[in-house]
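Down below is the structure, laid out as structure tokens.
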Amino acid sequence: MKFVCIDCSRSYPVSDKAHYRCRCGGLLDTVHDFRSADPERWKRLFDERLSERNSPLSGGVWRYKELIHPELPAEAIVTKYEGNTGLYRGSETLRHYAGVRGLLLKAQSENPSGSFKDNGMTVAVSHGAALGYRRFACTSTGNTSSSMAMYAAVAEAESVVLLPARSVSRSKALQTEAYGATLIRTEGGYDEGIRFLDRYAEELDWYVCNSINPLRIEGQKSIVFELAHQLGWTLPDWVVVPGGALSNASALGKGLLELHRLGLIKRVPRIAVVQAEGASPFHRMLAADARTLTPEPRPGTVASALNIGHPPNWAKALRFAIDGANGVTASVSDADILEAKRLIDRSGIGCEPASAAALAGLRRLVAAGTIHPDETAVCILTGHLLKDADAIELALGRRSRPSTKTEVDEEGDGAPVPLTVEAIRTRIGTPGQAKP
Ligand SMILES: *Cc1c(COP(=O)(O)O)cnc(C)c1O
Ligand SMILES: [Zn+2]
């Protein structure tokens, strides 16, 4: 197992220190050396783990450990038995809305912190803790930070969140704080936060838990592993996923290609990546037949988890989801997202707005003729209904505009902290010392 740059192929060891990017700036991808060629042996192993109780390998991510992080010692696993999420048949109403006969919903919202971020975060935090890091950091639209703070707390380590003040739901910010994270309301948004972490995390001795961390992607592959396992190692024709930072699109594409290479599935389903119209640089790139992403300087959407103008994983998503899994993209309006959310909520499953983009995108792709009504599709529901109370009111028509403020202020005067190492150091103090 090693990290390999997706641009220049230079490789890096996995277990000396944290690696996120190559010297050339390219993203690193985890490359495995799967030796066993017998798919039946894998299936038996994964089936056996379904009956294990309270073993670190009984959750829905580490059940597939050999395909995710084979080298991590089992004692180093930091887990909350994430994954193990429900797979539901779409109701008559949802099937009619989307326009397909066969519809499944995979509820990653049922993860312990309420979003699919747990699938990847358990791997990142386990790895970082095993390397000896005691401070975990991210910038976040809210779910990455909730997840990271939860696992850091379980590992009895610290967590620091650079919080883009205007675009995080109140419940997500509060959840993050409840798990003990230090929230720093910073100038700029998600995209500026990523740029800061890229440059300064090493200097600050922080372990970065954003999806530039290749191990997040490895853990998120388990979503399609578990999906295939639940369906007896066959998959629907389409896997439909919302796209923000594009970590999930990358992970699902990579996971599907590996399942196919290992002989666990016979055919790679196609992937549809759905973005919100106000934050759709990846969709626009592909619609223009381009292979270089032009960032969106001022992203804006009701689906706060998709409010990303410069998705760090776009090149991986292009390689794994589009080129690898014959993928397509779509974009949907905020009104479509809220309509789809209302129907998913009403069907008893429920989700936050970003997740509903998948169903709205499926409907659009069927209407456009890209997906045939006789084909089958699974929508990945990424986050829990309770993650965004504001959006529930919007979907129910109780109000017409989202509130724009997080309303969760850090201690102190509440002015945003500039993104400089000095300002951040002053804000958090040094490890082990009380905050100033
Ligand atoms: C993070 C997130 C997304 C976007 O996933 P990416 O991997 O960033 O593309 C979608 N929905 C929810 C609920 C999320 O938390
Ligand atoms: Zn490189």
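Atoms within a ligand are numbered from 1 in the order they appear, just like the ligands themselves. Just so you know, these numbers use all the heavy atoms, side chains as well, and skip hydrogens, waters and symmetry mates.
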Can you give me the SG-the Zn ion (ligand 2)-SG angle for C5 and C8, to 10°? 110°
Measure the spacing between CD1 of I308 and CD of Q275 and express it to the nearest 0.5 Å. 9.5 Å
May I ask which of T382, D388, V273 has a heavy atom nearer to atom 11 (N) of ligand 1 than the others do? T382
Separation of S247 OG from F116 CZ (nearest 0.5 Å): 4.5 Å
So does D336 pair up with R364, basic N to acidic O under 4.0 Å? yes
Any heavy atom of S211 closer to ligand 1 than 4.0 angstrom? no
Looking at non-hydrogen atoms alone, which of R216, K117, E352, Q220 comes nearest to atom 15 (O) of ligand 1? K117
Any salt bridge linking E352 with K172? Criterion: basic side-chain nitrogen under 4.0 Å from a carboxylate oxygen. yes
With a 4.0 Å cut-off, would you call D237 and R267 a salt bridge? yes
For atom 7 (O) of ligand 1, the closest protein heavy atom turns out to be S247 OG, 2.5 Å
Closest non-hydrogen protein atom to atom 8 (O) of ligand 1, residue and atom name please, with distance? A245 N, 2.8 Å
Quick look: I308 vs ligand 1, heavy-atom contacts under 4.0 Å, and the answer is neither
I'd like to know if K254 pairs up with D29 as an ion pair, taking the criterion as any Lys NZ or Arg NE/NH1/NH2 lying under 4.0 Å from an Asp or Glu carboxylate oxygen. yes
When you draw lines from the Zn ion (ligand 2) to SG of C24 and to SG of C22, what angle lies between them, to the nearest 10°? 110°
